[in-house]
Structure formats: C-alpha cells, structure tokens
Amino acid sequence: MRLILLGPPGAGKGTQAQFLTEKFDIPQLSTGDMLRAAIAAETELGLKVKDMIARGDLVPDEIVVGIISDRIDESDCANGFILDGFPRTTGQAEALDDLLDEKGISLDAVVEIRADADILVGRILQRAKENGGARADDNEEVLRNRLDVYQEMTAPLVEYYSAKGLLKSVDGMAGIEEVTASIMSALNAD
Ligand SMILES: Nc1ncnc2c1ncn2[C@@H]1O[C@H](COP(=O)(O)OP(=O)(O)O)[C@@H](O)[C@H]1O
C-alpha cells in the first residue's frame, strides 16, 4: 500500500500515519521529521534548512524530493509506505510522479484529512504547551504562516490528485478513532 496523507498542519496526519503504519506494516515517511533530524544532527542539510523551517516556510523542492527518493529505495519500503508532509507543492507532486515511474511503482491513494484552520491553531498551540514548546515552529505567528503556506502551495494538490482519481477525503475534525475509521473505509480496508 502506497499512500499520501494530505492535510494542513495539526490536522492529525502524524497520528493517523502511526495507526496506518501498524495496520499495513509499512513505514511512515515524514519529511518534517527527517528535516528536524538533520537539524538536530547539525548536518550540512540541517544547517541549510534550519531558518526556513523556523519561519514556517517551505524548503526547496529539490531537497525534499532527493530525501524521499533515497528513502523509498530502502528495503523497509518494499511493501509500501505512507508519505506524511510530502508532496507539499505541485512541483513536488510532479517530481514524485516521475520518480515513482522510474522506480516502476505507483500510488494507491491520497487521503486528504480536512480541517478548519482556526480550530487547528488552537490544537497546535495546545500540543506545543503539552510538549513544553518542543518545536521551534509551533508559535502562533509561525503557525499562521504555515497555514497560509498550506492554503497557497499545498491545497492545489487536492485538485491534482482528484483529477487522477486517487483522492479520498475524510473529515479531520471528528475524534481520532472516528477519523481512523473513515480512512479505513475510504481505503476499503476495514
Ligand atoms: N515536503 C516539504 N516541502 C518543503 N518543506 C517541507 C516539507 N516537509 C516539511 N517541510 C518543512 O518542515 C516544516 C515542518 O513540517 P511538518 O513536520 O510536516 O509540519 P506540519 O506539522 O506543519 O505539517 C514545514 O513547515 C517546512 O518548513
């Protein structure tokens, strides 16, 4: 099963990805986690992207496309994977199509978790408080920027994947288990 989870920051992609990982025994590939790991390890890449992430801006397409292409080649992706936070631009989606073609594989579905931006701000600020503000980009100003960037750069992917007949949309404002159930039924896997 090769899936994309699409949705604004705080919509619950990470939570649902964890569940899907167990259910289908496939890894969750989160570009956000990978970039934060690079920052923590102070690699060349990490130093390059640190300020962009802190501002809530996107990092250049070629960086995340390269990371994902290499990651998909690893053996634990042989049975599939869940892309969480990638693609985030039409350019990334097109690059993903090309690289999947080259690898001779294709996507099974794109799950859009729909959520209301104003409610998400409250959710994420709450998460930041509970984690002691663990993420540098979880303050209100940066968060509003992340939501604006989502609307402008990433929301067009809903139409992109809908046109390919891959899109399944679920209501992300329901409880966690209800959202999981909607995803399973959208994938005909319950
Ligand atoms: N596919 C991507 N393209 C560009 N930038 C990305 C991508 N994935 C992650 N990032 C960077 O990492 C940040 C955090 O990503 P992520 O953990 O997915 O956050 P969110 O909770 O906002 O969905 C983004 O705001 C962006 O700066």
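In listed order, ligands and their atoms are each counted from 1. Fair warning: this is a prediction, and the values are worked out from it, not measured in the lab.
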For ligand 1, run through the N/O pairs with the protein that fall under 3.5 Å and put one pair on each line.
from: ligand 1; atom 1: 1 (N); to: Gly85; atom 2: O; distance (Å): 2.9
from: ligand 1; atom 1: 1 (N); to: Gln92; atom 2: OE1; distance (Å): 3.0
from: ligand 1; atom 1: 3 (N); to: Gln92; atom 2: NE2; distance (Å): 2.9
from: ligand 1; atom 1: 5 (N); to: Val59; atom 2: N; distance (Å): 3.1
from: ligand 1; atom 1: 8 (N); to: Thr31; atom 2: OG1; distance (Å): 2.8
from: ligand 1; atom 1: 8 (N); to: Gly85; atom 2: O; distance (Å): 3.4
from: ligand 1; atom 1: 8 (N); to: Arg88; atom 2: NH1; distance (Å): 3.1
from: ligand 1; atom 1: 15 (O); to: Arg88; atom 2: NH2; distance (Å): 3.4
from: ligand 1; atom 1: 17 (O); to: Arg36; atom 2: NH1; distance (Å): 2.9
from: ligand 1; atom 1: 17 (O); to: Arg36; atom 2: NH2; distance (Å): 2.9
from: ligand 1; atom 1: 18 (O); to: Arg88; atom 2: NH1; distance (Å): 3.2
from: ligand 1; atom 1: 18 (O); to: Arg88; atom 2: NH2; distance (Å): 3.2
from: ligand 1; atom 1: 19 (O); to: Arg88; atom 2: NH2; distance (Å): 3.4
from: ligand 1; atom 1: 19 (O); to: Arg135; atom 2: NH2; distance (Å): 3.3
from: ligand 1; atom 1: 21 (O); to: Arg146; atom 2: NH2; distance (Å): 3.2
from: ligand 1; atom 1: 22 (O); to: Arg146; atom 2: NE; distance (Å): 3.1
from: ligand 1; atom 1: 22 (O); to: Arg146; atom 2: NH2; distance (Å): 2.9
from: ligand 1; atom 1: 23 (O); to: Lys13; atom 2: NZ; distance (Å): 3.4
from: ligand 1; atom 1: 23 (O); to: Arg88; atom 2: NH2; distance (Å): 3.3
from: ligand 1; atom 1: 27 (O); to: Asp57; atom 2: O; distance (Å): 2.5

Atom pairs and distances, donor-acceptor, side-chain atoms in residues 168-176, under 3.5 Å, two or more places apart:
from: Ser169; atom 1: OG; to: Glu112; atom 2: OE1; distance (Å): 2.6
from: Asp171; atom 1: OD1; to: Met173; atom 2: N; distance (Å): 2.9

Exercise. So, are Arg144 and Glu140 salt-bridged, with charged N and O less than 4.0 Å apart?
Worked result: yes
Exercise. Quick one: salt bridge (charged side-chain N to carboxylate O under 4.0 Å, His left out) pairs with a partner in residues 25-36, sequence neighbours left out?
Worked result: Asp33-Arg36
For this session: For the residue pair Val110 and Tyr160, establish whether any side-chain heavy-atom pair is separated by less than 4.5 Å.
Result: no
Exercise. For Glu74, what residues pass the salt bridge (Lys or Arg N to Asp or Glu O under 4.0 Å) criterion, not counting sequence neighbours?
Worked result: Arg71
For this session: Return yes if a side-chain donor-acceptor contact under 3.5 Å exists between Glu130 and Gln126, otherwise no.
Result: yes
